[in-house]
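Each remark here refers to the structure printed beneath this line.
We count residues from 1, following the sequence as given.
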Amino acid sequence: MLKLLHTLFLTSDHARLRYWGAMTLFALIVVIGSIPGARADAAEVASGIVLHSCAYAVLAFLIFTGSRGVPAQRAIKSVLTIAAFGAIDEFVQSFLPYRHGAVSDWVVDCTAAVLMATVMWALWTTRKVPA
């Protein structure tokens, strides 16, 4: 089971799938977050901070492991991509009468990305991940 997870999430075999999976997941986050009442329903399960942190950390993980380059390049790419994703998400929300864009949510998104990218960079540099 661990070998399967390693192959799916850490090797270059499925990197392209992880990268485009992140793009698809982001699109779903924006679409589902735009549905009236969806955010209120999600709030019953977890707070906005928890939801944003988890969602954008997963996106950062997928972008980091789905990208090419040395670990530092992957980390920078994932953080910058998440910063752009978070800004787009908040911008879209600012146009919805039942939602509002918040800089604080964007900061949470960016913080989650920085933390995930740092952890992945540290793991990637200390433990050689075979291609």
Path from V108 to V114 over hydrophobic side-chain contacts below 4.5 Å: no

Test side-chain contact (heavy atoms from CB on, under 4.5 Å) applied to L59 and F85, step by step: CA-CA 9 Å; L59 288 172; F85 279 1; 4.2 Å; yes

Closest non-hydrogen atom pair between V79 and A113, with its separation: CG2-O, 3.7 Å

Nearest heavy-atom neighbours spanning M116 and A57: CG-O, 3.5 Å

Shortest non-hydrogen separation from G69 to R74 and the atoms involved: O-NE, 3.0 Å

Pairs touching residues 79-91 that satisfy side chain to side chain donor-acceptor pair (under 3.5 Å), sequence neighbours left out: Y56-D89, D89-Q93

Shared hydrophobic cluster for L62 and V30 (ILVMFWY, side-chain gaps under 4.5 Å): yes

Joint cluster assignment, W106 & L115, ILVMFWY side-chain distance < 4.5 Å: no

Validation row, ring centre F64 to ring centre W121 under 6.0 Å: no

same_hphob_cluster(V58, W124) at 4.5 Å side-chain heavy-atom cutoff: yes

Listed partners of L96 passing side chain to side chain contact (heavy atoms under 4.5 Å, CB included), at least two apart: S34, Y98, R99

In one Ile/Leu/Val/Met/Phe/Trp/Tyr side-chain cluster, 4.5 Å: I82, V92: yes

Gap separating the SG atom of C110 from the CG atom of D105, nearest 0.5 angstrom: 11.0 Å

D109 side, atom CG; I88 side, atom CD1 - distance, nearest 0.5 Å: 11.5 Å

Nearest-0.5 Å distance that lies between atom CG in L51 and atom CD1 in I29: 10.0 Å

Any side-chain donor near an acceptor of the partner, T65 and R18, under 3.5 Å: yes

Separation of W20 CH2 from L25 CG (nearest 0.5 Å): 14.0 Å

Minimum heavy-atom distance A112-S53, with the two atoms named: CB-O, 3.5 Å

Residue pair A60 / S78: nearest heavy atoms and the distance that separates them: O-CB, 3.7 Å

